[in-house]
Amino acid sequence: MTALDMVVIAAGLFFGYRLVSNYLSPSTGDKQGPSRANAADSARQNWEQHWASPTAKVPTWFDVLGVAESADVAEIERAYRVKMSQYHPDKVAQLGEDIRQLAEAKSKEINAAYDTAMRLRRR
């Protein structure tokens, strides 16, 4: 292996490392931070304008829990426990802030569905 080969390999490793580290690390500079945030916001708004349903369908309690509408109390409780074990915010806290917020929203939805189901079953 010649000295030129070693220089080319070292340069490739250096530039590859810099390229990957720029894409994987959170931005610390003032120039990149807002532009990345603005790009993410504009991408989200673009998606919502073109793909999100204008009339968002609110799922029913049995769709949220994944049971039949005629399910008995034991099935509802079992489905509730399974769903909460999947989406509990404490279980996903170490996976990141965005995932934790999604888990909190989903657990609130599951709790509301469970409350609705129990209220309907008590009548």
Side-chain angles (χ1 to χ4, degrees):
M1 185 178 287
T2 65
L4 181 62
D5 291 338
M6 288 199 282
V7 169
V8 169
I9 290 171
L13 288 173
F14 175 75
F15 288 118
Y17 172 79
R18 294 293 293 171
L19 180 69
V20 170
S21 65
N22 282 339
Y23 285 112
L24 293 180
S25 67
S27 65
T28 56
D30 292 334
K31 290 183 179 179
Q32 291 180 349
S35 66
R36 284 186 181 176
N38 290 339
D41 288 340
S42 66
R44 179 176 290 142
Q45 290 171 355
N46 186 26
W47 183 86
E48 288 173 352
Q49 287 176 350
H50 291 88
W51 297 104
S53 172
T55 56
K57 178 185 163 195
V58 177
T60 58
W61 65 266
F62 50 89
D63 287 335
V64 172
L65 295 176
V67 296
E69 190 173 5
S70 61
D72 63 348
V73 174
E75 289 178 51
I76 293 170
E77 288 177 353
R78 184 180 58 78
Y80 170 75
R81 287 190 185 110
V82 168
K83 290 285 187 181
M84 282 306 292
S85 70
Q86 291 174 348
Y87 293 105
H88 198 278
D90 292 341
K91 281 189 132 180
V92 297
Q94 66 273 20
L95 295 179
E97 184 65 24
D98 293 340
I99 294 176
R100 188 184 61 77
Q101 289 175 353
L102 289 172
E104 283 179 2
K106 187 70 173 177
S107 64
K108 287 179 184 178
E109 182 181 3
I110 293 168
N111 282 329
Y114 178 74
D115 290 342
T116 302
M118 289 296 110
R119 199 172 343 107
L120 291 173
R121 293 294 179 254
R122 289 185 188 136
R123 288 186 187 178

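Because the structure is predicted, anything quoted here is derived from the model rather than measured.
In terms of the side chain to side chain contact (heavy atoms under 4.5 Å, CB included) criterion, residue partners of E97 (sequence neighbours excluded) are, by chain and number, R100, Q101. Partners of K91 by side chain to side chain contact (heavy atoms under 4.5 Å, CB included), not counting sequence neighbours, listed by chain and number: S85, H88. Checked against salt bridge (Lys or Arg N to Asp or Glu O under 4.0 Å), R121 has no partners two or more places apart in sequence or in another chain.
You'll find the side chain of P59 reaches within 4.5 Å of the side chain of E109, heavy atoms only.
Through direct or indirect side-chain contacts shorter than 4.5 Å among Ile, Leu, Val, Met, Phe, Trp and Tyr, F15 is connected to F14. Other residues sharing the hydrophobic cluster of V82, ordered by chain and number and joined by side-chain separations under 4.5 Å: none, the residue standing alone. Applying the 4.5 Å side-chain rule to ILVMFWY residues, one finds F62, V64, L65, V67, V73, I76, Y80, M84, Y87, I110, Y114, M118, L120 in the same cluster as W61.
With hydrogens and angles ignored, the 3.5 Å screen pairs a side-chain donor or acceptor of N111 with a backbone N or O of S107.
Here the straight-line distance linking atom CD of E104 with atom CG of D90 works out to 9.0 Å at 0.5 Å rounding.
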Step by step, work out the side-chain contact (heavy atoms from CB on, under 4.5 Å) result for I9 and M1.
CA-CA 11 Å; I9 290 171; M1 185 178 287; 4.1 Å; yes

